[in-house]
2 protein chains.
Amino acid sequence: MPDDVGHEIADALGTLLKRGTRAHLYGRLTEGLGEAVDETTYPVLSGLARTGPCSAADLAGEIGLDRSGVTRRATRLEEAGLLRREPHPDDRRATLLALTETGQRVVQTTRQRLATLIEASLTSWPPEEAQSFARQLHRFVATGPFTES
Amino acid sequence: MPDDVGHEIADALGTLLKRGTRAHLYGRLTEGLGEAVDETTYPVLSGLARTGPCSAADLAGEIGLDRSGVTRRATRLEEAGLLRREPHPDDRRATLLALTETGQRVVQTTRQRLATLIEASLTSWPPEEAQSFARQLHRFVATGPFTES
DNA sequence: CAGATTGCGTGCGCCGCGCACGCTATCCTT
DNA sequence: AAGGATAGCGTGCGCGGCGCACGCAATCTG
């Protein structure tokens with residue numbers, strides 16, 4: 001492998017992981033979706049859509065946040081009607097966090113917005129090149145030094 | 001272009017931009033390089049290496065941070081001997097931030113560490129595939145919805 | 001049935017960050 | 001040439017997010 005491949009990818013990751021890009025991007029995705037949906041509550045919605053109904057502790061591990069933070073954000077989203085707390089059927093201590101219908105629609109909207117943004121920046125790419133790039137990026141992220149612990 | 005390309009890239013970006021990955025990665029890169037070098041001061045060093053000697057305000061724009069934050073981090077790095085404040089030759093108001101020899105070595109170390117980490121996760125890739133992926137990633141990041149403003 | 005454990009919500013303290021002020025040096029206008 | 005306007009810098013201050021730890025309720029265990 002050429003020696004500058006690592007450095008070239010490093011540069012790209014540098015601008016990608018640059019401070020503010022996450023807030024900037026998530027801000028665009030959640031724009032106009034209500035007061036409760038912003039760049040801080042978005043990971044809760046998105047993660048909950050991935051995992052399905054689960055406890056706050058599990059969701060905390062999923063999105064890399066403390067359990068207390070998830071609880072607070074979940075409360076905000078619950079008041080906005082995007083998320084529902086339902087008692088665990090078998091354990092009356094536990095409460096499951098689950099998306100409401102509206103919550104699922106919001107997640108779907110943000111996901112579609114992100115996909116549209118991405119595809120918009122790939123319009124000039126040859127289709128099969130975009131396809132292979134998507135697969136390679138997916139694989140790279142999965143096997144890279146990013147999946148912590 | 002297939003419809004799921006955007007969604008596949010979106011998933012990858014999700015895990016990449018996940019909260020904590022930056023701190024985790026930068027923490028690994030700066031491990032054992034002294035008290036002053038951590039995931040918060042790393043962008044200052046790295047950005048200063050990119051731009052060359054410049055003012056705190058310019059560097060702030062470069063790394064997406066407020067001018068005051070850059071000043072504080074610069075002070076920490078200056079006390080550690082990694083960074084030097086030198087008066088602007090033409091304007092006696094301005095102070096230029098510049099890396100010292102040690103600072104440049106530290107940046108070089110972290111950059112090499114990152115490149116090594118990346119290349120380590122690409123060992124099983126065919127060389128020309130890694131090469132094309134690097135170029136595509138670079139292009140994607142440059143033209144994507146990440147370069148704010 | 002009583003102590004230990006687990007899950008949850010919340011009060012508290014810490015720290016990063018942006019805003020705004022004061023100070024000094026430079027520019028501009030007359 | 002001189003004084004007001006402006007730019008650059010450092011710093012005090014307040015806000016907000018986040019992790020820790022406590023208290024309470026429910027469950028497990030011997």
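Residue numbering restarts at 1 for every chain, and letters A, B, ... go by the order of the sequence lines. This structure is a prediction, so every number in the text was calculated from the model and none was measured.
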Task: Distance in angstrom units between B:His88 NE2 and C:dT26 P, rounded - done: 11 Å

Task: Residues from residues 26-40 of chain A lying under 4.0 Å of DNA chain C - heavy atoms - done: none

Open item on the list: Assess, by modelled atom type and distance only, whether the side chains of A:Thr95 and A:Arg84 contain a donor and an acceptor separated by less than 3.5 Å.
Closed with: no

Open item on the list: Less than 6.0 angstrom separating the ring centers of B:Phe140 and B:Phe133, yes or no?
Closed with: no

Open item on the list: Tell me the interatomic distance from A:Arg22, atom CZ, to C:dC17, atom P, rounded to whole angstroms.
Closed with: 12 Å

- [ ] Provide, to the nearest angstrom, the distance between the CG atom belonging to A:Leu65 and the P atom belonging to C:dC8.
- [x] 15 Å

TODO: Between A:Arg76 and A:Arg92, name the one whose nearest nucleotide on DNA chain D is closer to the 5' end.
DONE: A:Arg76

Open item on the list: Is there a path of hydrophobic side-chain contacts, each under 4.5 Å between heavy atoms of I/L/V/M/F/W/Y residues, joining A:Val44 to A:Tyr26?
Closed with: no

TODO: Might you confirm whether atom NE2 of A:His138 has over 12 heavy atoms from other residues, nucleotides or ligands at distances under 6.0 Å?
DONE: no

Open item on the list: From CG of B:Leu59 over to P of C:dC17, roughly how many Å is that when rounded to an integer?
Closed with: 13 Å

TODO: Would you mind building the protein contact string for nucleotides 1-14 of chain D? One character per nucleotide, 5' to 3', B for base within reach (heavy atoms under 4.0 Å), S for sugar-phosphate only, - for untouched.
DONE: ------BSBBBB--

- [ ] State whether a side-chain donor-acceptor pair under 3.5 Å links A:Arg19 with B:Thr40.
- [x] no

TODO: Side chain of A:Arg19 only, please: which of C:dG18, C:dA25, D:dC18 is the nearest?
DONE: C:dG18

Task: Distance-only polar pair, side chains of A:Arg105 and A:Thr100, donor-acceptor under 3.5 Å - done: no

Open item on the list: Checking the side chain of A:Thr21 only, and the main-chain atoms of A:Leu17 only, is there a donor and an acceptor separated by less than 3.5 Å?
Closed with: no

Open item on the list: I'd like to know if B:Arg111 and A:Asp11 make a salt bridge, using a cut-off of under 4.0 Å between side-chain N and carboxylate O.
Closed with: yes

